[in-house]
Trainee: 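Following this message is one structure expressed as structure tokens.
Since the model is a prediction, treat every value here as computed from it, not as a measurement. Both ligands and their constituent atoms are indexed starting at 1 by order of listing. Values below: every heavy atom of this structure, side chains too, minus hydrogens, waters and symmetry copies.
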Amino acid sequence: MAVIIDGKKLAQQIREDLKIKCEELKQKGIKPRLAVIMVGDDKASQVYVRNKSKACDEIGIEFEEHLLDGDIQQKTLIELIEKLNQDDSIHGILLQSPIPRHLDINEAFRTIAPEKDVDGFNPVNVGKLSLNQDTFVSCTPYGVMKMFEAYNISLAGKNVTVIGRSNIVGKPLIQCCLNKDATVTVCHSKTKDLKQHTQNADIVIAAIGKSKFITADMIKLGAVVIDVGINRGEDGKLTGDVDFDNVYEKASYITPVPGGVGPMTIAMLMNNVIKACEN
Ligand code: NDP
């Protein structure tokens, strides 16, 4: 039976520490401030933004929300980002994705000043991560790395299999694990014989978006299993990409869904805002 990695508790500890750092900044006359841009009225995004706003409140970070209509032109979005870049009272800028398809999200990410890019999506910060330089690491991968650290799970020399290669989760995770000296295998929808790659892994990280896709037979006895997936069933219940009940019996460590990687993502966003402010 595995040790359950308690992301909720760990995230809470991180938030408590950030609260103290935030207070120290305020005593020096600096008020950490995050600007969030949302385009359109995606329901899931509204929930995410609300959660980010609550986390900011709890820590003492000022939060401002910029709601743009779904039919705006690219120019409007870019001009807003440029204005926020210039505003010295703002330390972090976040563009909530997805944004409507007619807009170019890559140009938007590129426009966010690297020093305010608390999501770590600007190519400058992505490049720095790949060069193993100090940067803003995208929040979900960063949260996963913090979990390893908190549970003393060393990555050096380990076989890590990451399933998923998205720009926001899979790819930065690959880089983070490589920077910690792991031997990294990356799998995706075109991978042949996925099971061979997961069975060989000391650490499996699933970032796929398919409920209970990783089953016990795919996992080596004693492996560490990190479940990034968040899937909402027809009954409204959240499940991960890992068949938790069965994999739990075989793994040495496992993250639950909910209460695993999810809470860590927001905690690391808050961490990046404070870091941007300290910088
Ligand atoms: P994407 O849809 O962008 O990426 C999914 C990845 O999974 C792709 O690389 C895809 O391969 C791969 N994949 C799909 N099907 C298979 C398959 N059958 N076998 C192997 N690989 C497969 O998703 P995200 O990276 O944005 O998110 C992944 C999951 O993590 C989602 O459930 C999302 O909700 C969750 N998430 C959770 C967060 C948290 O805070 N916990 C934050 C962000 C995301 P290909 O590239 O070939 O298409």
Trainee: List ligand 1 atoms under 4.0 Å from Thr265, heavy atoms only on the residue side.
Mentor: 39 (C), 40 (O)

Trainee: Backbone, side chain, both or neither: what part of Lys210 comes under 4.0 angstrom of ligand 1, heavy atoms only?
Mentor: side chain

Trainee: Side chain or backbone of Ile208 under 4.0 Å from ligand 1, or both, or neither, by non-hydrogen atoms?
Mentor: both

Trainee: Nearest to atom 42 (C) of ligand 1, what protein heavy atom do you find, and at what distance?
Mentor: Thr140 OG1, 3.2 Å

Trainee: Do you know which of Thr76, Leu84, Ile78 makes side chain to side chain contact (heavy atoms under 4.5 Å, CB included) with Leu80?
Mentor: Leu84

Trainee: Heavy-atom count check: over 12 atoms from other residues, nucleotides or ligands less than 6.0 Å from Lys250 NZ?
Mentor: yes

Trainee: Looking only at protein heavy atoms, which one is nearest to atom 3 (O) of ligand 1, and how far off is it?
Mentor: Ser166 CB, 3.3 Å

Trainee: What do we get for Val228 next to ligand 1 when only non-hydrogen atoms under 4.0 Å count, side chain, backbone, both or neither?
Mentor: both

Trainee: For Ile163, which part has a heavy atom under 4.0 Å from ligand 1: side chain, backbone, both, or neither?
Mentor: side chain

Trainee: Taking atom CG of Asp41 as the centre, does the number of heavy atoms from other residues, nucleotides or ligands within less than 6.0 Å exceed 12?
Mentor: no

Trainee: May I ask you to identify the nearest protein heavy atom to atom 9 (O) of ligand 1, giving residue, atom name and distance to one decimal place in Å?
Mentor: Arg165 N, 2.8 Å

Trainee: So which heavy atom in the protein is nearest atom 29 (C) of ligand 1, and how far is it from that ligand atom?
Mentor: Gly209 N, 3.7 Å

Trainee: Using a 6.0 Å cut-off, check whether atom CD of Gln133 has over 12 heavy atoms from anything other than its own residue.
Mentor: yes

Trainee: Near His188, which atoms of ligand 1 are under 4.0 Å from a heavy atom of that residue?
Mentor: 11 (O), 19 (N), 20 (C), 21 (N), 22 (C), 47 (O)

Trainee: I'd like to check whether Gly164 has a polar contact with ligand 1, where a contact means an N/O of the residue lying under 3.5 Å from an N/O of the ligand.
Mentor: no

Trainee: Quick one: which ligand 1 atoms are inside 4.0 Å of a heavy atom on Ala207?
Mentor: 5 (C), 6 (C), 7 (O), 28 (C)

Trainee: Is there side-chain contact between Leu77 and Leu95, with at least one heavy-atom pair below 4.5 Å?
Mentor: yes

Trainee: Answer yes or no for Gly170: is there a heavy-atom contact with ligand 1 below 4.0 Å?
Mentor: no

Trainee: Considering only heavy atoms of Val169, which atoms of ligand 1 have at least one such atom less than 4.0 Å away?
Mentor: 25 (O), 43 (C), 44 (C)

Trainee: Within a radius of less than 6.0 Å around NZ of Lys9, do more than 12 heavy atoms belonging to other residues, nucleotides or ligands occur?
Mentor: no

Trainee: Examine Lys180 relative to Phe148 and say whether NZ or CZ is less than 6.0 Å from the centre of the six-membered ring and inside a 45° cone about the ring axis.
Mentor: no

Trainee: Among residues two or more places apart or on two chains, list those pairs meeting side chain to side chain donor-acceptor pair (under 3.5 Å) that have a residue in residues 229-239.
Mentor: Ser211-Thr239, Asn231-Asp241

Trainee: When you measure from atom 18 (N) of ligand 1 to every protein heavy atom, which one gives the shortest distance, and what is it?
Mentor: Phe213 CZ, 3.3 Å

Trainee: Applying a strict 4.0 Å limit to heavy atoms, is Cys187 in contact with ligand 1?
Mentor: no

Trainee: At what distance, to the nearest 0.5 angstrom, does OG1 of Thr191 lie from CD of Gln196?
Mentor: 10.5 Å

Trainee: Any idea which protein heavy atom is nearest atom 33 (C) of ligand 1, and the distance to it?
Mentor: Ile230 N, 4.1 Å

Trainee: Report yes or no: does Glu249 contribute a side-chain atom to a donor-acceptor pair with the main-chain N or O of Ala2 at less than 3.5 Å?
Mentor: no

Trainee: Just by distance, do the side chain of Asp119 and the backbone of Cys139 share a donor-acceptor pair under 3.5 Å?
Mentor: no

Trainee: Provide the number and element of each atom of ligand 1 under 4.0 Å from a heavy atom of Gly262.
Mentor: 40 (O), 41 (N)

Trainee: Are Asp42 and Tyr48 side-chain neighbours, meaning at least one heavy-atom pair lies under 4.5 Å?
Mentor: no

Trainee: Ser189 to ligand 1: N or O pair under 3.5 Å?
Mentor: yes

